[in-house]
Amino acid sequence: MDNQLYIHNTLSRRKEPFEPINAPFAGMYVCGPTVYGDPHLGHARPAITFDLVFRYLQHLGYKVRYIRNITDVGHLVADLDEGEDKIAVKARVEQVEPMEIAQYYADRYFVYMDALNVKRPSIEPRASGHIIEQILMVKQILDAGYAYIVNGSVYFDVEKYSKTYNYGQLSGRVLEDLMANTRSLEGQDEKQHPADFALWKKAQPEHIMRWPSPWSDGFPGWHLECSAMSTKYLGEYFDIHGGGMDLLFPHHESEIAQCQAAIGHESVKYWLHNNMVTINGQKMGKSLGNFITLDEFFTGTHASLVQAYSPMTIRFFILQAHYRSTLDFSNEALQAAEKGLKKLLAGYETLGRLDPSPPTPTPLTGGEERLYPSPPTPLPGGEGRIATIQRECYQAMNDDFNSPMVMANLFESVRIINSAADKKDTLSSQDLELLKQIFNTFLFDILGLKDEKVNDQHELLDGLMKLVLAIRQKSRETKDWGTSDQIRDTLQKLHISVKDGKEGSSWNID
RNA sequence: GGUUUCGUGGCCGAGUGGCUAGGCAGCGGUCUGCAAAACCGUCCACAGCGGUUCGACUCCGCUCGAAACCUCCA
């Protein structure tokens, strides 16, 4: 069995064996949110994707330091006033401190990511808290000769850089093409070359967010924070850098250039990029205004939503697609996710109630008349069948985190569990143990899904329900269907479903 | 225009050179006081046209269509 984890490296555009630089330690940096708006479905995708990576690496025994930044300095806005800070714009509109806005939305982000059962990263550094490190890196790049100063701003010299290094190695871009296709605002621009980008930007008088530097009172450039903070916390060469595909160019390309220029060598071994969530075939994003916030999903308060969808439904929905594929939003797809998740969780509950079958002779299969007793042959599959599922789950995860394949295997497990519950299949105590282990490992620990209805009152509720169902059972035995149905209907109104089976009634919170 | 990628059944989505992905929905059964759930069976597929091959949905080429990036965006 191949235990090697393979991950798709955007740099090489192929799957490569994951070999940490400094095992058993592994370092991972992921581009986090710019906190100037409520988190939407698009934010959930990278958070959950790299949560999956984080969880699996930990499961494999790596000691992972996972860094996800909070961008609270803001980026330049091109379509508004030149050189203005995104967060500053919003702050003026709402008449509050810019950092207050950042704090508010950062808090919101944490709350919604917690709801999605996304584990908190090891460190969540803020750009505003690392101005010194960023200034230091600008100096390093200046010293190395790959930047120039104009009117208090510092720009990265892409043209010079590309004479020695390959600017475009990540995105497959060619500098000449970038030249030919960047056509706007060249006259008033301070840049020597259209492809150059800011490392430090002098603040305009109305610009609120600003810090002193050797060059001007200003703010760091678009791409610098990630280079500075990843280097600070993970070192000059680390394992994984992740983010959305939309960040590939120019953000990540520029990060590579910055680190190369400042440090003198590559800084990232594996680049991972998650694909976009689409809506009607288009990217769901801030700029298009077609995003649906997580809050709107959880409460069902958005014109496009026919109902509310729970955090775990959203998580399931995202994990049922491979992270490098686009994922199309629709109510139908989310409802399918909701039902699928429910089925998996119900399967796990059923598993907990199953008694191991004694080693019985082969049950009557086929129904043909038998002239003599059949020998006690092992059942089809037997214990190897469960072990195969477990192995395939690992193979799926090892194949670039193929969560949809893991889910398919879990559904196969549910089918087996339900068959056993229906007495159409038998499972040994070892089978049951292994199944429990598979669910705990893959469904709960690695995929990070959980049963949302479990709460502190569970024991009390359980006791009450046993009582209620015992009373109902009595009424059923006397064929008092009126009482029996009254109990069931009333419980249903409280969102508790009662199901009558051969072995008595069971209940479930919807 | 350039770069990157994609086009799978009613919907969402895996995957592979020859063997059922899976979920949801549909249909037919079993079970059941009724219901729900579950189980069994079943329908619907690989954009189009060429090429390579004993054989392609899977490789190659072209055509058509779509997306992301080239400006802040997860």
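Below, chain A is the first sequence line, B the second, and so on; all start at residue 1.
Between the CG atom of Leu469(A) and the P atom of A36(B) there is a distance of 18 Å, rounded to whole Å. As rounded to whole Å, 17 Å separates atom C1' of U8(B) from atom NE2 of His322(A). Atoms NE2 (His40(A)) and C1' (C73(B)) sit 7 Å apart, rounded to a whole Å. Straight-line distance from the CD atom of Gln169(A) to the C1' atom of C69(B): 17 Å, rounded to whole Å. One can place CG of Leu345(A) at 16 Å from P of A37(B), the figure rounded to the nearest angstrom. The distance between atom CG of Asn402(A) and atom P of G13(B), rounded to the nearest whole Å, is 14 Å. Computed from coordinates, the Asp246(A) CG to U3(B) P distance equals 20 Å when rounded to whole Å. Between the CZ atom of Arg14(A) and the C1' atom of U5(B) there is a distance of 17 Å, rounded to whole Å.
Geometrically, Arg120(A) engages Phe110(A) in a cation-pi contact defined by less than 6.0 Å to the ring centre and at most 45° from the axis. A cation-pi arrangement is absent between Arg45(A) and Tyr323(A), since the terminal nitrogen or guanidinium carbon is not both under 6.0 Å from the aromatic centre and inside a 45° cone about the axis. A cation-pi arrangement is present between Lys286(A) and Tyr36(A), with the terminal nitrogen or guanidinium carbon under 6.0 Å from the aromatic centre and inside a 45° cone about the axis.
Residues Ser128(A) and Asp72(A) bring a donor and an acceptor atom of their side chains to less than 3.5 Å of each other. At a cut-off of 3.5 Å, with distance as the only test, a side-chain donor of His273(A) or Thr10(A) sits close to an acceptor on the other residue. With 3.5 Å as the limit, one finds no donor-acceptor pair spanning the side chains of Asn9(A) and Ser12(A). Judged by distance alone, the side chains of Glu296(A) and Thr293(A) do bring a donor and an acceptor atom under 3.5 Å apart. Gln335(A) and Asn331(A) form no side-chain donor-acceptor contact under 3.5 Å, judged by distance and modelled atom types alone.
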Going through the checks in order, is the side chain to side chain donor-acceptor pair (under 3.5 Å) test met by Ser254(A) and Tyr167(A)? CA-CA 8 Å; Ser254(A) 301; Tyr167(A) 186 79; 3.2 Å; yes
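Distance noted for atom C1' between A38(B) and G15(B): 29 Å (whole Å). Comparing G50(B) with G55(B), their P atoms are spaced 16 Å from each other, to the whole Å. If you take atom C1' in G13(B) and the same atom in G23(B), they sit 8 Å apart, rounded to whole Å. Using atom C1' as the reference point in both A36(B) and U30(B), the two lie 15 Å apart (nearest Å). Taking atom P on both U8(B) and C12(B), the two are 9 Å apart, rounded to the nearest angstrom. Here, C46(B) and A56(B) have their P atoms 14 Å apart, quoted to the whole Å. A gap of 27 Å separates the C1' atoms of G9(B) and G51(B), to the nearest Å. Comparing G61(B) with C6(B), their P atoms are spaced 13 Å from each other, to the whole Å.
The side chain to side chain contact (heavy atoms under 4.5 Å, CB included) test with Ile314(A) is passed by exactly one of Leu41(A), Leu319(A), Leu341(A): Leu41(A). When each of Phe156(A), Tyr155(A), Phe197(A) is checked for a ring pair (Phe, Tyr, Trp, His ring centres under 6.0 Å) with Tyr161(A), only Phe156(A) meets the rule.
Heavy atoms of Leu247(A) sit under 4.0 angstrom from primed sugar atoms or phosphate atoms, though from no base atom. If you check every strand for non-hydrogen atoms under 4.0 Å, Asp422(A) touches a base. Within 4.0 Å of Leu344(A), counting heavy atoms only, lies no atom of the nucleic acid at all. At the heavy-atom level, Met276(A) lies under 4.0 Å from base atoms of the strands shown. Among the atoms of the strands shown, base atoms are found under 4.0 Å from some heavy atom of Val277(A). Using a 4.0 Å heavy-atom criterion, one finds that Gly42(A) contacts the bases of the nucleic acid, with or without backbone contacts as well. Using a 4.0 Å heavy-atom cutoff across all strands shown, Ser497(A) reaches no nucleic acid atom at all.
Position along RNA chain B of the nearest nucleotide to Thr278(A) versus Leu327(A) favours Leu327(A) as the more 5'-ward residue. Taking for each of Ser419(A) and Ser325(A) the nucleotide of RNA chain B with the nearest heavy atom, the 5'-most of the two is the partner of Ser325(A).
Residue Arg13(A) places its side chain closer to U4(B) than to any other of C12(B), U4(B), C40(B). Listed nucleotides C39(B), C69(B), A68(B) differ in distance to Phe249(A); the shortest reach to its side chain belongs to C69(B).
In this view, Tyr348(A) and Phe439(A), Phe444(A) satisfy the ring pair (Phe, Tyr, Trp, His ring centres under 6.0 Å) rule, not counting sequence neighbours.
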For RNA chain B, just give me the dot-bracket, please: Watson-Crick or G-U, both distances below 3.5 Å, ( ) intra-strand, [ ] crossing earlier pairs, | paired with another strand, . unpaired. (((((((..(((.....[...))).(((((.......)))))....(((((..]....))))))))))))....
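OP1 and OP2 of C39(B) both lie 4.0 Å or more from every side-chain N or O belonging to Lys423(A).
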What one-letter contact string describes nucleotides 21-33 of chain B from 5' to 3', where B marks a base within less than 4.0 Å of any protein heavy atom, S marks contact via sugar-phosphate atoms alone, and - marks no contact? BBBSS-------B
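Under 3.5 Å, the side chain of Arg415(A) and the base of C39(B) form no donor-acceptor pair of N or O atoms.
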